[in-house]
Amino acid sequence: MSPSSLSLLSLLLLLLNGTVQSNDCSTEGFMELSLLEDKTGSTNNNGPSTAGLAESVETRWIITEEDKKFIGGCDFELTEVLVGVDIRTETDNRNQYPRIEIWRERGNFYRDPVSVELRLSPQNFTANGLYRYTLPFPLKIEAGYDDYRLGVYQPPDDRSVVRFYKVTGTGQIGRAEDYTNNDRKVRKKEITLQNSSILIHPITSNNCNYPPINESSFNTNSLSVTNVIPVNDTRAFPDIQFTCNGIITNWIIGITQNQTKSKHYPNIYLKHSSELIHVLTVDASAATSSNGNVHNFTSDIEVQYGDILVINVTTNSNPMYYQQYNGPLNYQLDSSNGLIPLEHNDYPLMSVVVEPSPSILEMSSTLTSTYTQSLTTNSHIQALMTSFLTLLTSISINNTLHITNTHSQSSNTLPSTLPVTSPTPSISDGTVSPPPPIVSTISSTSITDSSTSNPSVTLSTEGTLQSTGSNTLSAVLSTVFILLVVTILVILIVGALVYRRRLYKTSNENETFSSDEKKADIHQQSDALRMNEGQNPAYGVTGEKSGISANPAYGIHNREGIESIDEQELVYDEPRTMMCIKSEDVHGNKE
């Protein structure tokens with residue numbers, strides 16, 4: 001195998017081997033244990049200390065608490081915010097978003113607000129329930145004589161995708177009345193004050209004496225804005241999946257009410273390659289251990305990269321418990337066994353513990369060993385290629401779902417994340433340049449899937465699922481990767497064959513050249529002998545075939561043959577030296 005091909009193969013295998021061994025086994029989208037424990041305290045976690053800010057009409061709120069302001073004479077940019085909100089799905093009628101505003105405080109007025117939209121969707125859900133939102137563009141405030149106040153614009157409750165919450169009994173906020181875009185100001189005496197605090201905290205380049213946050217209290221209040229609800233249907237979660245090949249050792253599930261033994265129990269499935277596999281029946285009495293409403297189930301279920309979660313609960317079964325809102329988009333099966341997006345983004349109270357699969361590590365070790373041996377002998381190339389292709393097959397992603405149940409399948413288009421861009425508005429002393437409209441780009445991904453709804457029924461239909469977001473991206477990347485690897489393998493094999501052919505050809509040419517060289521030497525030596533045997537008066541050779549003419553200088557007196565000279569072997573090179581010396585002696589005598 002050629003050195004260049006061998007080097008390329010070496011790099012490829014080392015990269016693949018490193019990828020396999022460094023692939024920390026993890027999950028994507030499962031609820032973190034801290035949030036699960038927080039939500040299983042009761043079936044209604046929306047405590048008396050928090051309440052929704054949204055009303056039946058749009059409202060504008062300004063934080064009027066004395067110390068919560070940005071003092072004048074200080075430049076800063078608002079780049080991020082911590083918020084306590086609930087997030088719902090967008091529909092035809094529910095499609096508005098709140099805005100974060102900064103007001104200039106001058107005299108008896110709050111005026112000239114600049115704002116940025118708080119656009120969150122189920123694709124932005126967090127596993128710990130906390131939201132730190134980076135603004136699509138910063139709100140820049142230039143130093144001047146005026147102070148500045150943080151505020152919120154909240155759309156009507158039934159039309160708002162994202163809703164702010166407030167903590168009652170602490171702080172002070174004002175509801176701005178009679179604000180018009182023409183006047184762009186609100187008189188302070190026309191603001192209705194409340195003893196409440198909006199769950200929002202600014203993160204700026206310079207705090208400008210804005211008071212720090214009590215993070216623990218803020219997080220506790222933020223988590224309390226959502227409720228826990230029972231659910232009795234079948235739902236699939238393409239955004240809850242596994243990012244490795246591994247073994248599920250623990251299922252941690254929140255069950256907030258006692259189960260009825262006479263009813264069926266929820267069943268959990270995994271979409272695994274081309275089929276739906278039942279992995280757990282959620283019977284609290286079968287849990288390995290429990291801590292209040294948190295139940296731990298042990299298992300040894302094998303999962304593969306890209307497997308997604310499906311929860312099946314029938315109408316008369318014990319329910320599965322979910323956090324209402326702030327979760328990934330939920331899907332349900334239709335009558336044709338297809339997946340349709342629901343107007344729900346509820347979050348199942350479930351977490352898992354996954355360990356790496358030993359088979360992948362063993363295969364990686366085998367591949368490395370085979371590769372090392374192949375470096376010293378070309379006969380192992382075929383074995384190396386076989387091992388490599390086997391490994392590729394084991395880690396490839398297949399997005400075809402085969403379901404063994406009585407449900408159907410359909411195709412749907414869903415929105416993904418919404419990148420937002422806009423120039424930076426600024427406020428300078430006495431002048432305002434409000435931001436232009438935000439330009440949003442929505443990309444969509446085609447999604448199909450299938451699931452089950454009755455665990456007691458034998459399943460018998462087929463479907464296909466291509467999950468949103470990372471699943472689709474993973475499928476595309478895996479396809480490209482496999483094509484790339486196959487191309488490289490073909491190049492390597494062809495390169496090896498070409499190299500061997502060239503090596504064979506070069507070897508033959510070297511052998512031919514060596515043979516010709518030997519023949520030339522033999523001919524040259526033969527010619528030299530013939531030349532020495534020819535006529536040369538200097539040596540006293542007359543050229544007669546019967547012998548060599550007599551030459552007294554060499555002691556030869558017999559024309560019939562060669563007699564010995566002092567009984568020594570005749571040497572042809574020495575006479576040349578002798579003749580040269582005699583010639584010099586002759587010249588010397590003449591002089």
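- Using modelled atom types, one side-chain atom of Asn330 and one backbone atom of Pro328 make a donor-acceptor pair closer than 3.5 Å.
- Summarising the local packing, CG of Asn258 is surrounded by 12 or fewer heavy atoms from other residues, nucleotides or ligands at distances under 6.0 Å.
- Put simply, CD1 on Ile277 and NZ on Lys271 are 11.0 Å apart, with the number rounded to the nearest 0.5 Å.
- Figure legend: cation-pi geometry between Arg99 and Tyr153 absent, as NZ or CZ is not positioned both under 6.0 Å from the six-membered ring centre and within 45° of its axis.
- To the nearest 0.5 Å, atom OG1 of residue Thr91 and atom CZ of residue Arg159 are 8.5 Å apart.
- Using modelled atom types and a 3.5 Å distance limit, the side chains of Gln324 and Thr226 yield no donor-acceptor pair.
- Proximity of the aromatic rings of Phe30 and Phe237 is defined here by a centroid distance below 6.0 angstrom, and this criterion is not met.
- Considering CG of Asp157 and CZ of Arg94, their distance stands at 9.5 Å, rounded to 0.5 Å.
- Put simply, the side chain of Glu117 never gets that close to the backbone of Pro136: no donor and acceptor are under 3.5 Å apart.
- With hydrogens and angles disregarded, a donor-acceptor distance shorter than 3.5 Å links the side chain of Asn232 to the backbone of Thr314.
- Nearest heavy-atom pair across Val303 and Leu270 is CG1-CD1, 3.3 Å.
- No more than 12 heavy-atom neighbours from other residues, nucleotides or ligands sit within 6.0 angstrom of CD on Glu343.
- Tyr131 OH to Glu80 CD: the interatomic distance, rounded to the nearest 0.5 Å, is 16.0 Å.
- The line from CD1 of Ile87 to OG1 of Thr126 is 7.5 Å long, rounded to the nearest 0.5 Å.
- Residues Tyr322 and Pro348 meet the side-chain proximity criterion, which asks for heavy atoms closer than 4.5 Å.
- For the atom pair NZ of Lys166 and CG of Leu53, the computed distance is 6.0 Å after rounding to the nearest 0.5 Å.
- Within 6.0 Å of CG in Asn316 there are 12 or fewer heavy atoms belonging to other residues, nucleotides or ligands.
- Under the side chain to side chain contact (heavy atoms under 4.5 Å, CB included) rule, Phe125 has a single partner from Asp239, Asn326, Leu329, which is Asp239.
- Ser290 places no side-chain N or O within donor-acceptor distance of the main-chain N or O of His295, the cut-off being under 3.5 Å.
- At least one donor-acceptor pair under 3.5 Å links the side chain of Asn245 to the backbone N or O of Tyr305.
- Within the 4.5 Å cutoff, no side-chain heavy atoms of Val162 are placed close to those of Val83.
- In this structure, Arg60 and Glu101 have side chains that are in contact, with non-hydrogen atoms separated by less than 4.5 Å.
- Asn318 is listed as a side-chain neighbour of Pro266, based on a closest heavy-atom distance under 4.5 Å.
- Side-chain contact check for Thr40 versus Thr256: some heavy-atom pair is nearer than 4.5 Å.
- For the pair Ile102 and Leu150, the minimum side-chain heavy-atom distance is below 4.5 Å.
- Of the possible donor and acceptor atoms, one in the side chain of Asp346 sits under 3.5 Å from a partner among the backbone N and O of Tyr325.
- Smallest separation of non-hydrogen atoms from Thr168 and Ser196: CA-OG, 3.9 Å.
- For the residue pair Asn221 and Ser224, no side-chain donor N or O sits within less than 3.5 Å of a side-chain acceptor on the partner.
- Summarising the local packing, CD of Glu215 is surrounded by 12 or fewer heavy atoms from other residues, nucleotides or ligands at distances under 6.0 Å.
- Using a 4.5 Å heavy-atom cutoff, the side chains of Tyr210 and Pro202 are in contact.
- Side chains of Ser197 and Lys68 form a contact here, defined as non-hydrogen atoms less than 4.5 Å apart.
- Using a 4.0 Å cut-off between charged nitrogen and carboxylate oxygen, Asp233 and Arg235 count as a salt-bridge pair.
- Scanning all heavy atoms of the two residues, the minimum distance from Ile100 to Leu139 falls at O-CD1, 4.1 Å.
- Around the CG atom of Asp300, the shell of radius 6.0 Å holds no more than 12 heavy atoms that belong to other residues, nucleotides or ligands.
- Side-chain N or O atoms of Asn267 include one that pairs as donor or acceptor with a backbone N or O of Tyr265 at under 3.5 Å.
- Ser205 places a side-chain N or O within donor-acceptor distance of the main-chain N or O of Glu77, the cut-off being under 3.5 Å.
- No donor-acceptor distance shorter than 3.5 angstrom exists from the side chain of Ser317 to the backbone of Val313, with no hydrogens or angles considered.
- Using modelled atom types and a 3.5 Å distance limit, the side chains of Gln154 and Ser160 yield a donor-acceptor pair.
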Go through it in stages, so that I can follow the logic: the residues are Ile268 and Leu309, the test is side chain to side chain contact (heavy atoms under 4.5 Å, CB included), and I'd like the CA-CA distance, side-chain angles, deciding distance and then a yes or no. CA-CA 7 Å; Ile268 299 174; Leu309 177 70; 3.5 Å; yes
